[in-house]
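These numbers come from a predicted model, not from an experiment. Each chain gets a letter, A, B and so on, in the order the sequences are listed, and its residues count up from 1.
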Amino acid sequence: MKTVKTLVAAAALAISATAAHAADTIKIGEINHYKRLAAFAEPYKKGIELGLKEVNASGGVLGKPLEFIFRDDQGKPGEAIKIAEELMTRDGAVMLTGTILSNVGLAISSFAAEKGYVYLAAEPLADALVWSAGNPYTFRLRTSTFVQAAMLAEAAAKTDALKYATIAPNYAYGKDAVEAFKVNLKKLKPEVEFVTEQWPALFKIDAGAEVQAIEAAKPDAIYNVTFGPDLAKFVREGTTRGLFDDRNVYGLLTGEPEYLEPLGEEAPEGWVVTGYPWYDIPAGPGLDFVKAYEAETGETPKIGSLVGYMTVQSIAALITKAGSTETSALLGAFPGLKVETPLGEISYRDVDHQSTMGAFIGTTALKDGAGVMVDWTYKDPEAYMPSDEEIKSMRPAE
Amino acid sequence: MGLFVAQLLTGLANAAALFLVASGLSLIFGVTRIVNFAHGSLYMLGAYVGLTLMNTLPGAFGFWGSIVLAGLVVGLIGILIEICVLRPIYRAPELFQLVATFGVILVIQDLALMIWGAEDRLGPRAPGLKSVVRILGEPVPQYDLALIAITPFILFALWWFITRTRIGILVRAATQDREMVGALGVNQSWLFTGVFFLGAALAGLGGAIQLPKGGADLLMDLNIISAVFVVVVIGGMGSIPGAFIASVLISVLNVFGVAYIPQSTLVLIYVVMAVVLTVRPYGLLGREEKAGEHGQVGEVERPIRPVGTRGRAFVFVLLVVLACVPFVGSSFLQVLITDILIFCLFAASLQFILSSGGLVSFGHAVFFGGGAYAAALLVTYADTPMELALLCAPLGAGLLALGIGWFCIRLSGVYFAMLTLAFSQLVWSLVYQWGAVTGGDDGLVNIWPSAWLSGTTAYYYFTLAVGVGGILVLRHIIHSPFGYTLRATRDSARQAEATGIDVKRVQWLAFALAGTMAGLAGGLFVFSKGSIFPNELEIGKSFDALIVVFLGGVKTLSGGVVGAVFMESIKDWLTRLEYWRLILGLVIIGVVIIAPDGIVGSLRKLGERIGLLKEQESMR
Amino acid sequence: MTAVLKVEGLSKSFGGVKAVNGVDFEVAPGELKALIGPNGAGKSTCFNMLMGQLMPSAGKVYLKGEQITGLPPRVIWRKGVGRTFQITGTYQSMTVAENVQMALMSHHRKLFSLLPYAYRLFREEALALLDVVGMADQADRSCAILAYGDLKRLELAIALSNDPMLLLMDEPTAGMAPKERINLMQLTSDIVRDRGISVLFTEHDMDVVFAHAHHIMVLNRGELIADGTASEVRANARVQEVYLGGGTLYAAEGSHA
Amino acid sequence: MLEIDGIHSFYGKAHILNDMSFSVARGEVVALLGRNGAGKTTTMKSIMQLVRPRSGSVSFAGTDITGLPAHKVARLGLGYVPEERRIFTDLTILENLEVGRQSPRAQTPSWTIEALFELFPNLEERRNNRGKALSGGEQQMLTIARTLMGNPSLLLLDEPSEGIAPVIVEQMAKTILKFKADGLTVVISEQNLHFAKMVADRAVIIEGGAKKFDGTFQDLEEDPQVRDAYLSI
């Protein structure tokens with residue numbers, strides 16, 4: 001028993017001793033899944049660091065340097081909330097941002113609303129964040145799942161395909177992505193039929209079995225939401241077994257460098273995908289970013305790099321507009337905030353706090369032994385979003 | 001028909017890697033009694049090493065050579081782990097070694113990240129086996145056929161090795177009585193090391209051989225380990241043919257599950273596991289395990305007494321200090337202590353059933369998460385006020401524990417542990433895949449306390465009262481007749497039965513009580529975080545609790561609480577560092593080696609040696 | 001007078017092998033009766049069926065005329081049968097007194113009580129029982145550090161805690177030195193006499209058996225081949241052949257013991 | 001042959017052997033006598049180095065074996081037969097024997113499986129049966145046979161008569177005398193004085209972890225004080 005107290009006492013001492021801090025920088029609390037999803041989080045972090053360097057080189061915000069405190073949430077929402085509290089109350093962060101996992105994003109969002117902290121969800125894709133579980137304190141940068149799925153549905157509706165198969169990881173994001181595709185496609189082309197829906201467990205795909213099950217349903221086209229190692233296995237088995245021959249395939253996020261690059265020369269050809277064709281960006285702010293990023297890191301950018309970079313830009317613009325780091329000022333400045341980014345000007349919508357960052361949609365091809373997107377276009381999201389009334393009816397009363 | 005055959009073949013091909021890893025785990029467990037949690041990490045290393053070698057060595061020879069070499073390299077890594085980490089602690093209490101293997105997982109995770117980087121790697125295809133063969137019109141990849149051909153060969157080789165060679169006989173003899181094997185002139189240390197080499201090499205082989213069907217990524221380790229446990233348990237711990245049958249069974253079932261119930265593949269596997277264990281408690285080919293058959297090593301637990309006046313004064317002072325925290329500490333400190341208190345209550349509930357009851361549960365988080373979900377579901381769907389929902393958390397978890405306990409309590413030892421794991425994973429997969437009700441992975445959010453408790457400080461005091469209260473209640477129960485009865489069933493079930501004690505009933509109620517307390521902790525948790533997600537009842541959460549109990553000291557009363565405080569505090573500090581998992585892993589391994597009796601047990605011994613504590617009467 | 005224990009046609013087969021085959025016997029009140037036989041003769045199987053650890057394949061067991069066949073051990077214990085084991089089954093993590101208190105808590109049906117401190121319950125009663133077996137001075141020692149002979153005595157005290165009418169003792173003196181064997185069996189005999197308890201025990205030490213048992217039964221290959229007084233059994237040719245041997249070991253000493 | 005010199009052995013903190021010394025000559029049968037808990041088994045285990053003495057030394061055939069791992073001690077020719085018949089119940093009789101097999105050594109009786117089956121005919125009948133199917137007596141024979149497969153020059157037998165029917169005990173005594181005739185040195189620990197007298201040349205009485213008497217049985221009979229104090233029949 002004795003040891004209990006000694007330890008508690010020691011722990012309490014250690015914690016309170018390090019609590020002092022100086023306040024000559026503006027600190028932003030950044031929480032992410034750095035360890036277990038390092039493949040996605042690291043380019044994002046590098047994007048942030050590039051953004052910070054540029055912001056601070058031009059004098060920071062409100063005359064002070066901008067600083068991000070990066071913390072690892074271990075992939076646990078409960079842990080993320082503890083860290084969020086620590087960032088806000090001990091480390092002197094003025095607002096929270098980050099997270100790639102939707103569930104962590106949702107947890108922080110709920111926490112931010114309860115405690116009255118501003119939270120910019122940089123990467124999580126779940127639509128619930130801004131719609132069904134939306135709240136006044138939460139804003140989101142990245143293009144929503146719904147919009148990207150709607151863009152793919154639009155492309156799909158233009159073909160003769162009537163029988164669709166879907167495959168998506170069996171968790172909330174996958175479910176949202178399939179639902180959004182179905183809703184949008186049915187709206188455009190009511191006669192389509194979904195002949196099978198496959199739900200492999202996230203990162204535990206049994207690709208051979210999935211391919212067989214889809215093949216057995218004899219679809220005209222396939223809608224894919226798998227990503228990461230699941231996607232690699234699915235593509236390999238599907239290619240080997242001829243699943244993709246003479247079929248249209250629509251891949252949500254499949255064109256993002258994070259997922260396309262590891263496939264190397266086995267990247268599928270002719271899939272219609274959303275992604276980020278950094279290698280093909282015309283001159284302008286988009287290319288400037290790519291060049292700056294390559295120069296800074298020696299690596300080619302991922303979509304995460306872009307999101308990280310735009311997160312810094314958004315926050316810098318937000319604080320500048322608010323003229324203060326007080327929560328009330330930030331909250332007042334956020335709706336309608338306009339930000340100049342590599343993708344052009346985006347704004348944070350008043351109705352659902354979602355940014356107007358758009359998406360690239362194009363077709364996959366092989367070039368020099370690597371998968372790329374060709375014939376791509378960049379589309380603004382607003383045309384694909386539900387109407388303001390629909391959104392208002394989804395968002396909880398405030 | 002064609003499709004059916006093709007599906008069967010896919011299942012058989014998928015069984016290959018699973019069987020290799022599972023047979024390695026089973027072999028190691030069979031001989032050393034170590035439940036090697038780090039086996040998935042060896043599988044991951046096999047994949048990375050194989051990939052690196054394949055990129056260096058050209059052609060078909062290079063490909064197959066790389067697979068064999070990867071096995072050998074991982075086998076050598078296994079030897080390193082065995083000699084550096086496990087050898088020093090073979091004499092520690094039973095199952096203590098699993099804490100060390102957990103440390104190994106953390107270390108390997110960070111090392112792999114350092115060496116191979118964060119990006120997923122796609123495995124190369126097998127030279128000459130890149131296309132498909134048409135069987136009854138269905139395409140079957142050539143490599144699948146190769147795997148189907150190789151696996152029985154490995155099974156046969158292992159079987160031959162175990163049953164027909166002298167070393168195999170020695171291995172089986174050592175499984176039963178290590179000391180005796182040594183007394184007959186066999187160097188058991190090297191036998192163990194050899195077995196560890198073989199088991200690790202099999203895992204490495206599994207990792208390398210699956211490369212053409214997948215690749216290498218940093219999530220492989222934990223992704224395969226639960227499937228491997230399922231296979232080993234269904235097949236029967238220590239049985240290699242059992243591991244084979246179970247990997248085929250699970251893989252084939254999975255293929256058909258994908259085709260016919262694509263939404264519930266996870267649930268399917270755990271249902272199969274629960275059913276098999278309920279019908280055949282020791283797995284398909286496992287043997288009945290008598291508790292203590294393999295010699296529960298380590299000292300006997302000492303007689304207990306409630307703490308004296310000095311101890312009570314100490315607790316009182318501690319409580320006063322904790323009560324003063326809001327006046328001096330930051331709001332974060334309150335949040336941190338709230339977290340720690342909740343975890344302490346959770347760990348104490350596991351310690352109750354594990355130490356006093358001798359029932360090692362590998363799935364205790366199901367009651368923590370179960371309680372949290374009970375409360376969260378009530379709030380979400382019935383707008384239940386927080387006070388009532390919080391009351392329902394322990395009740396819900398207690399009911400769940402009564403249900404799960406009814407099945408599990410019939411077994412003992414490692415099989416009990418594995419059945420609790422199966423049920424907790426079953427509940428987890430239900431919560432995870434039944435999104436319509438539980439929100440699945442997106443969890444249930446906006447579960448906040450009532451206004452009077454919504455402030456950080458108010459909730460801090462509330463947790464302090466309920467959490468410490470819960471821990472004290474558990475402690476008192478250990479000293480009550482029921483606690484003594486529970487310890488009696490642990491010390492000698494036979495004697496207990498022969499003196500009027502209904503052993504299973506006592507264990508069942510204790511299990512339910514522990515579940516209830518874990519549920520209370522879960523209830524406190526959900527209202528402190530405002531949300532609940534499936535990861536709170538996942539295998540990892542159960543391991544967290546197990547580790548702190550072992551780290552604190554199994555054969556003590558306060559081990560769980562001390563371990564929880566220790567672990568949460570150093571985690572809070574370490575997670576700020578870049579390679580914190582590496583450091584945490586090393587810290588865990590270090591503590592395990594330095595303090596084989598756990599922190600409390602070792603401090604107590606130290607105290608006795610330097611004369612601070614009264615020494616216990618020694619034998620004779 | 002009703003027999004305390006009556007066994008009729010008791011049989012047990014394991015996978016077709018008959019371990020115990022049609023055994024009949026009685027134990028009278030106040031009787032100290034031994035069950036001997038070669039290893040594997042079925043003594044332990046027999047004992048385990050009497051105490052409910054094993055379900056008989058056939059046959060009946062009566063305790064004071066009441067049928068107890070197949071009841072679980074804990075129920076048989078509550079009906080007044082105490083048991084000691086060949087390998088002691090005490091609670092290693094408790095003190096000597098607590099071991100007895102545990103049995104008393106069970107006897108007084110306090111097992112599920114959550115409020116009182118267990119170490120205070122029935123302590124006087126426990127000390128009295130320990131006094132009977134001469135262990136009172138060791139009441140507060142940890143059971144784990146007791147000498148083997150003391151453990152055996154403790155087990156006897158535990159077995160007495162529910163005031164049994166019958167004690168089943170499986171090799172009560174196994175692993176003890178000759179002097180201790182005599183002491184323990186003397187103690188048992190005294191208890192049988194003072195409390196009017198009946199005892200059925202198995203034993204390999206013929207000194208102990210011949211010196212203390214009122215009657216001796218011999219079991220061989222699952223069948224009872226003799227049941228009688230010491231001299232009857234010793235004179236039985238069959239018993240000599242299968243069990244006692246040529247007599248080089250015990251013939252001489254048996255007479256003067 | 002075997003020299004034990006002032007060893008102190010502990011289990012954890014418990015001091016079990018206190019300055020134990022005795023020696024055994026080649027071809028001799030020595031019985032360790034004493035009540036349960038006196039330290040007989042610990043003495044055996046300390047010789048085998050299954051329990052490592054904290055001080056003092058054990059030497060065997062001129063080699064200091066103190067602190068060696070048990071398997072090395074066994075390879076020097078010390079054969080240990082434990083008390084609780086620790087056979088490998090999942091292995092067949094033949095496999096049990098295989099575990100004990102070591103190469104023959106000079107000046108020591110060598111054993112083959114055939115020779116052992118001649119000595120213990122019961123085992124031959126059941127050669128492919130698993131250990132758990134054997135009766136207690138057969139298990140005891142198997143433990144001895146298993147150790148003999150290592151061709152030991154000195155045999156440590158821990159309580160060979162315990163829990164065995166008298167008729168088997170007699171057989172056992174004959175077997176041990178045969179070993180002696182073959183030139184094997186034997187140390188047995190016993191509580192059964194009748195049995196010890198039948199086989200042993202010399203008795204060593206242990207009490208409280210220390211040696212209290214060392215001499216022939218005749219000496220013992222003539223020293224009633226010792227006899228009554230430690231053995232008391």
**Request:** Verify side chain to side chain donor-acceptor pair (under 3.5 Å) between C:Arg83 and C:Gln53, making sure each step is shown before the conclusion.
**Result:** CA-CA 11 Å; C:Arg83 164 149 199 198; C:Gln53 262 112 353; 2.8 Å; yes

**Message:** Quick check: do B:Ile599 and B:Thr556 have side-chain heavy atoms less than 4.5 Å from each other?
**Reply:** no

**Request:** Below 4.5 Å from any heavy atom of chain B, which atoms of C:Leu121 appear? Answer side chain, backbone, both or neither.
**Result:** side chain

**Request:** Might you work through the ring pair (Phe, Tyr, Trp, His ring centres under 6.0 Å) test for B:His364 and B:Phe346, ending with a clear yes or no?
**Result:** CA-CA 9 Å; B:His364 203 54; B:Phe346 177 42; 5.6 Å; yes

**Message:** Give me the atom names and distance for the closest heavy-atom approach of B:Tyr484 to B:Ile304.
**Reply:** OH-O, 3.6 Å

**Item:** Top of C:Pro116, C:Ala103, C:Ser93, C:Cys143 for chain B proximity - count of heavy-atom pairs under 4.5 angstrom
**Value:** C:Ser93

**Asked** Taking the side chain as C-beta and beyond, is there a heavy-atom pair between B:Val307 and B:Arg475 under 4.5 Å?
**Response** yes

**Message:** Contact between C:Asp205 and C:Arg181 at the side-chain level, heavy atoms closer than 4.5 Å - yes or no?
**Reply:** yes

**Prompt:** Heavy-atom distance under 4.5 Å between the side chains of C:Leu104 and C:Lys110, does that happen here?
**Reply:** no

**Asked** Listed by residue number, which members of residues 506-519 of chain B have a heavy atom under 4.5 Å from any heavy atom of chain C?
**Response** B:Val506, B:Leu509

**Prompt:** Which atom pair, heavy atoms only, marks the closest approach of B:Ile471 to B:Ala348?
**Reply:** CG1-CB, 4.1 Å

**Asked** Checking C:Thr90 against chain B: side chain, backbone, both or neither under 4.5 Å from a heavy atom?
**Response** backbone

**Electrostatic pair C:Lys6:C:Glu8 at N-O distance under 4.0 angstrom** = yes

**Asked** Do the rings of C:Tyr117 and C:Tyr119 sit parallel, tilted or perpendicular, given the 30° and 60° boundaries?
**Response** tilted

**Prompt:** Got C:Met102 and B:Gln495 here, is their nearest side-chain heavy-atom distance under 4.5 Å?
**Reply:** no

**Message:** Tell me the closest heavy-atom pair linking C:Ser198 and C:Gly30, and the distance in Å.
**Reply:** OG-N, 3.1 Å

**Request:** Take C:Glu125 and C:His108, measure what side chain to side chain donor-acceptor pair (under 3.5 Å) needs, and give me the verdict at the end.
**Result:** CA-CA 12 Å; C:Glu125 218 174 312; C:His108 294 285; 3.2 Å; yes

**Message:** If you compare all heavy atoms of C:Asn162 against all heavy atoms of C:Ala159, which two are closest, and at what distance to 0.1 Å?
**Reply:** OD1-O, 3.4 Å

**Item:** Heavy-atom proximity to chain B below 4.5 Å, by part of C:Met94
**Value:** both

**Request:** Begin with the C-alpha distance, continue with both residues' side-chain angles, and end with the deciding distance and a verdict on side chain to side chain donor-acceptor pair (under 3.5 Å) for C:Ser161 and C:His107.
**Result:** CA-CA 7 Å; C:Ser161 63; C:His107 182 52; over 6 Å; no

**Asked** What parts of residues 165-172 of chain C touch chain B if we use heavy atoms and a cut-off under 4.5 Å?
**Response** none

**Item:** Test log, rule side chain to side chain contact (heavy atoms under 4.5 Å, CB included), inputs B:Phe96 and B:Asp597
**Value:** CA-CA 9 Å; B:Phe96 189 66; B:Asp597 295 301; over 6 Å; no

**Asked** Which atoms of C:Gln101 come close to chain B, meaning under 4.5 Å heavy atom to heavy atom: side chain ones, backbone ones, both, or neither?
**Response** neither

**Prompt:** Any sub-3.5 Å donor-acceptor pair from B:Ser355's side-chain atoms to B:Phe352's backbone N or O?
**Reply:** no

**Prompt:** Counting a contact as any heavy-atom pair under 4.5 Å apart, which residues of residues 394-409 of chain B contact chain C?
**Reply:** none

**Request:** Determine whether B:Val360 and B:Leu546 make a side-chain contact, defined as any pair of heavy atoms from C-beta on separated by less than 4.5 Å.
**Result:** yes

**Message:** Contact between C:Val23 and C:Ser11 at the side-chain level, heavy atoms closer than 4.5 Å - yes or no?
**Reply:** no

**Asked** Which members of residues 71-80 of chain C, sorted by number, sit under 4.5 angstrom from chain B on a heavy-atom basis?
**Response** C:Pro73, C:Arg74, C:Trp77, C:Arg78

**Message:** Can you confirm whether B:Val468 sits close enough to B:Leu319 that some side-chain heavy atom of one is under 4.5 Å from a side-chain heavy atom of the other?
**Reply:** yes

**Complete:** Comparing B:Ala493, B:Ser492, B:Gly483 against chain C, the one with the most heavy-atom pairs below 4.5 Å turns out to be B:Ser492

**Complete:** Residue from B:Asp502, B:Val503, B:Ile477 scoring the most non-hydrogen pairs under 4.5 Å with chain C is B:Asp502

